[in-house]
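Accompanying notes for the structure given below.
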Amino acid sequence: MLKVLFFASVKEELDCSALEIPWDESVDSLDSLQERLIRDGGPNWRLALERKNMIRAVNHDMVTGNSPLKDGDEVAFFPPVTGG
Amino acid sequence: MLKVLFFASVKEELDCSALEIPWDESVDSLDSLQERLIRDGGPNWRLALERKNMIRAVNHDMVTGNSPLKDGDEVAFFPPVTGG
Amino acid sequence: MNNLSVSVQTEDFDAACLQRELLSASHEEGAVVAFTGYVRSENIGQCVNNLLLEHYPGMTERSILAILSQAAERWPIVAASVVHRVGPLGVGDQIVWVGVSSEHREVAFSACEFVMDYLKNEAPFWKKESTAKGDRWVEARATDAERARRWSG
Amino acid sequence: MNNLSVSVQTEDFDAACLQRELLSASHEEGAVVAFTGYVRSENIGQCVNNLLLEHYPGMTERSILAILSQAAERWPIVAASVVHRVGPLGVGDQIVWVGVSSEHREVAFSACEFVMDYLKNEAPFWKKESTAKGDRWVEARATDAERARRWSG
């Protein structure tokens, strides 16, 4: 299973803070997971997830570009951070 | 009259924190005042006042090199500062 | 290292208290540089009424600790601490405190600024402002990314 | 400017108090950087028992205010304050506090470090340390003069 989290404006646009995706090889990378989310969610999800400057994190680490996923991973989608 | 002040190690070496010199044209510059102090004070004063890195201030401003003096000025001799 | 500490909390903090906790029992440090971030009354020309700070629990603490560890590898700091608030905040409220102690001031200044620059770019917090024109998510400043980059190289 | 303040005093100070006094009523500032200097337990390899801080009354206040004015001309700071202690101090005691507030952190960091670098070179204070080997006047660090010079140019 993959745990998928959304934060801030991404969460609001999707009206979704978290969901779980059963693990299989069709979601064994960040890009393929994102495609699955868009396929299941529709145009609204495409708009929200393909935004410029989207940040993706795997197991609490920000990731640049695509990245392999394995069963049990936690994936997060969020906009550029603005703390401090 | 000139008011002359000494601080920190300079004050201790001279065993003097302040003195007054009657104003006249023979002490119309920092260098001539210093020569007067050494003439009156002796070798111990020469040693203390001609030390490397001596800082001289006129009316609360640090001065580099010689500087004219006028009646009523306050002159100070001190080592490099170590506050903060 | 156990002289690095991170707290993410809704409660306010007392900077003097945090600074005393930072100090070593052996009085090695000659310098502490402390940064405090506040909610400003105005941002990009609009009046701010209040702020909501969201974060990514777990990743937040981990990323800040990673930043402190990098600072400790890079400079001979004695101790470093970050307290970051989350939840609803009002204008003038304290948001974040970063304290760094070291023997000499150069290290404390550099390490504290480094931690803030990285925190601004790597710690998963998001600010939502409430203004007269409605709510809006604060956008990241391009200069923040630049400032973090100048530390590499 | 009346948002610049200097105090030279024998009494200890409360950093949180000073920081609150620094803040504007209008909450313009998003950042405060505060430096605190302490009496270290060891200096150049020798154990320090206590410290005596001498100064040049009148010139001290004037030179620090001149440094703050320079900082205010150079950066858009909201307020800046310096408190410096004189007289006898013990190990671990606070010596100096420099606080600078501004809209953004870059300015607060730069201006605070600038003030410390100049204060170290231009404000007439002298430290005398008491060690097991006797009393000695602390010598100025060559790096302090270098650090002040890097701001010009």
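Throughout, a chain's letter reflects where its sequence line sits, starting with A, and its residues are numbered from 1.
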Turns out that what part of A:N59 lies under 4.5 Å from chain C's heavy atoms comes down to backbone
Smallest heavy-atom separation, A:F7 atom then C:P57 atom, equals CE2-CD, 4.4 Å
### Task
Side-chain contact test, heavy atoms from C-beta onward, threshold under 4.5 Å: evaluate it for C:W126 versus A:T82 and give yes or no.
yes
So, the part of C:K128 with a heavy atom under 4.5 Å from chain A: the answer is side chain
Checked C:K120, C:R85, C:R141 vs chain A; the most non-hydrogen pairs under 4.5 Å come from C:K120
Closest non-hydrogen contact found for C:A140 with A:V81 is CB-O, 3.9 Å
- Query: Crowded around C:E11 CD? As in, over 12 foreign heavy atoms under 6.0 Å?
  - Reply: yes
Applying a strict 4.5 Å limit to non-hydrogen atoms, the region of A:L5 in contact with chain C is side chain
| said: Counting only heavy atoms not in C:Q46 (residues, nucleotides, ligands), do more than 12 fall under 6.0 Å from its CD? | reply: yes
Self-check item: CG/C:D12: more than 12 non-hydrogen atoms of other groups inside 6.0 Å
Solution: yes
Exercise for review: Would you sort out whether C:M59 and A:F78 count as a side chain to side chain contact (heavy atoms under 4.5 Å, CB included), showing the intermediate values?
Suggested key: CA-CA 12 Å; C:M59 178 171 171; A:F78 49 80; 4.1 Å; yes
